[in-house]
Each structure stands twice: as structure tokens, then as C-alpha cells.
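Everything on this sheet refers to the single structure shown next.
Computed from a prediction, not measured in an experiment: that's the story for all the values here.
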Number of protein chains: 2
Amino acid sequence: MKDERFSFSKCSLTRSMGIIGTKWKPIIVYVLQTRKVRFGQLDAYIPLITRKVLTEQLKELEDDGLVIREAFSELPPRVEYSLTEKGLALLPILNSIIVWNEKYETEPKENYCPTSEFFKD
Amino acid sequence: MKDERFSFSKCSLTRSMGIIGTKWKPIIVYVLQTRKVRFGQLDAYIPLITRKVLTEQLKELEDDGLVIREAFSELPPRVEYSLTEKGLALLPILNSIIVWNEKYETEPKENYCPTSEFFKD
DNA sequence: ATTTATGGTTACTGCAAAGTAACCACTATC
DNA sequence: GATAGTGGTTACTTTGCAGTAACCATAAAT
């Protein structure tokens, strides 16, 4: 997030929300898990995300130190994304957020968060 | 957060970020802890927050089921805010987010998150 | 030439979060 | 009357997130 109101805050919580408190980043991190995933796989697997937003968010996640982007010199072009240690450390927090929400959501809804379970090697 | 792109999402993570992924709500929840705190105390203790935003965020936190607002029939007017069980359950998550950020922040900064430690009974 | 595969990029738009500035209501005190 | 205490409310503005639509580049296959 480029919003300096978040990133320039003296409060660690606020700075953190500037990184993860967005619509798509948590999902991307959650989907990556421990795998290396290609752009097109992410695009196909995360419902409703546009390639424009996916590109942006991956770039920001890379800037924020959560994601590694590995480009290969080959054609068709091939790029793989994976989590850094920092990104991996966020996973249990995301899981606890899901558990928290599902426990206390007023009108319980199904959880359709994409996971990495469906990726084929 | 009124943004329906978050609250109407099928993904529990996205709905959660719609509730907590904002600038001020995490701080407000963090400050409340287990205490009953008055509007003016929150205003005085959370640096830089405007009464306008504080009012809004408290209202939304109440709507989201994280905060209880208790108004007393007296003058001067007295209103007290406290966390619900749902709000209390979020505290350890906020703590782990702080720990995560401080561990992995590129250029470590001081953490000036207001806490409830300074409230006098 | 057209389509497919791969990973994007660009121009534009709408909307909500957050901020600024001013104001409100009631009561009590000086 | 002015100030202070309490808890707000209102009108307006700025900014960035996210979405829409179209396009780009390279290579290979039909």
C-alpha cells in the first residue's frame, strides 16, 4: 500500500495494516503457502481477480518483502512466485484471522478462500 | 467498513480485512483491552485521531460486533466503550501482527502503539 | 492470418477511508 | 458572556484501492 498515512505511522499495527489490510494480498499470501506458483496459476485460481490487480499486488508484496519473484529466461515467459520467510510467518496469523471470523461472524457464511490445495505439481 | 467489495466477499479472509484492515480500528481495539473507556479518554489517548473518525470507527466497531457502547443517563453526557467477546478474541491476533511486523520490518522502527496501560482508573 | 500460451501494461473511472474545519447540545462555573 | 466538560455532527476535500476495457510482446501451432 502506498498510503503514507499507514506506512509513515509510528504505530506498528498501522504499518502492518498498510501491508496486509487490503483485499487481495492476504489471499495471495494464503494461496502461495509453501509452493512456487506461476502468474497464470494465481490468476486462474483466485476468483475474480484481474490480471492488472494481481500484477500490482504481487509487485507490492515483493516490495514489502513477503514474496520472491523468480523470472526464467525462456519462452513462453515463465515467472514463479513464492513466499519469503516473512510471508511464511504471516500464514498462521491469516489462519487465526479466518478462525476468528468464522467463530464470531453474525450470520455465518461459507468460507470460499482459495487455498493451495488444488494446485497440481 | 462499508465497502461491499469486502463485506460481500465469499472469502472469510476478505470479510475479515473489511472489519480490521483499516487505519484506526485495530488501534481502538488494542487500546480498549479489557477496560471500559470513555469517548474522551480514547480521543485523548490515541494520537492524531479526529473526533469525527473516532465516532465513525466506534460506530462501525459496534455494528461489527466488536465493541459495546454503554450510554448513561446523566449530565455531562457519559458514554463508555468496551470490547465484546469477539473483540477480546481479536487481541491476541493483533499482538501477533505487531510481533510479526517488528521481527521482519526492513528498517526497524519504534512501536508507538498506544496501549491501555496508561489509563488511570 | 488466427489462435493459443505466457506475463503482463495502460488509460480511465468510481468509491470509500480518512482528514479539515466548523459547528451542535446541555450543564456548570467564573 | 465566556469557558470548560461531555459526546458528538456536518459539509467538504483528497487520495489511493480496486475495477473496466483495451492493449502489448514473443513464440508456436493451426
Whole angstrom is fine here: how far is it from [atom1] in [X] over to [atom2] in [N]?
X       : N      : atom1 : atom2 : result
B:Glu62 : D:dG7  : CD    : C1'   : 14 Å
A:Glu56 : D:dA18 : CD    : P     : 9 Å
A:Ile19 : D:dC17 : CD1   : P     : 13 Å
B:Phe6  : D:dG16 : CZ    : C1'   : 12 Å
B:Asp43 : D:dG5  : CG    : C1'   : 13 Å
B:Glu74 : D:dG7  : CD    : C1'   : 12 Å
A:Glu60 : D:dG16 : CD    : P     : 11 Å
A:Phe72 : C:dG8  : CZ    : P     : 13 Å

Over all atoms of both residues, closest heavy-atom pair of [X] and [Y]:
X        : Y        : answer
B:Pro77  : B:Arg38  : O-NH2, 4.0 Å
B:Trp100 : A:Lys86  : NE1-O, 2.9 Å
B:Pro47  : B:Pro114 : CD-CG, 4.1 Å

Would you indicate which nucleotide in [options] comes nearest to any side-chain atom of [X]?
X       : options                : result
A:Pro77 : C:dT6, C:dA18, D:dT6   : C:dT6
B:Arg51 : D:dG19, C:dG8, C:dC23  : C:dC23
A:Pro76 : C:dC23, C:dA5, D:dG19  : C:dA5
A:Lys23 : C:dA18, D:dG5, D:dA18  : D:dA18
A:Lys2  : D:dC17, C:dG19, D:dA18 : D:dC17
A:Tyr81 : D:dG8, D:dC17, C:dG8   : C:dG8

Please confirm whether the shortest side-chain N or O distance from [X] to OP1 or OP2 of [N] is below 4.0 Å.
X       : N      : value
A:Gln57 : D:dA18 : yes
B:Arg38 : D:dG7  : yes
A:Arg78 : D:dT26 : no

Original post:
More 5' along DNA chain D: B:Phe39 or A:Ile49, using each one's nearest nucleotide?
Top reply: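 The 5'-side residue here is B:Phe39.
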
**OP:** Name the residue closer to the 5' end of DNA chain D, choosing between B:Glu80 and A:Gly21 according to the nucleotide with the nearest heavy atom.
**Re:**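 This one resolves to B:Glu80.
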
Original post:
Hey, which of these two, A:Arg69 or A:Arg5, hits DNA chain C nearer its 5' end, going by closest nucleotide?
Top reply: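 Checking each residue's closest nucleotide, the 5'-ward one belongs to A:Arg69.
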
Subject >> Under 3.5 Å donor-acceptor, A:Trp24 side chain and B:Thr14 backbone >> reply: no

**OP:** Classify the nucleic acid contact of A:Thr50 as base, sugar-phosphate or nothing, counting any heavy atom under 4.0 Å across all strands shown.
**Re:** base

**OP:** Check the side chains of B:Glu85 and A:Tyr104 for a donor-acceptor pair under 3.5 angstrom, ignoring hydrogens and angles.
**Re:** yes

**OP:** Answer with yes or no whether the hydrophobic clustering places A:Ile68 together with A:Phe72; edges join I, L, V, M, F, W, Y residues whose side-chain heavy atoms lie under 4.5 Å apart.
**Re:**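 The answer is no; the residues belong to distinct hydrophobic clusters.
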
Original post:
Is any N or O donor-acceptor pair between the side chain of B:Lys52 and the base of C:dG19 shorter than 3.5 Å?
Top reply: yes

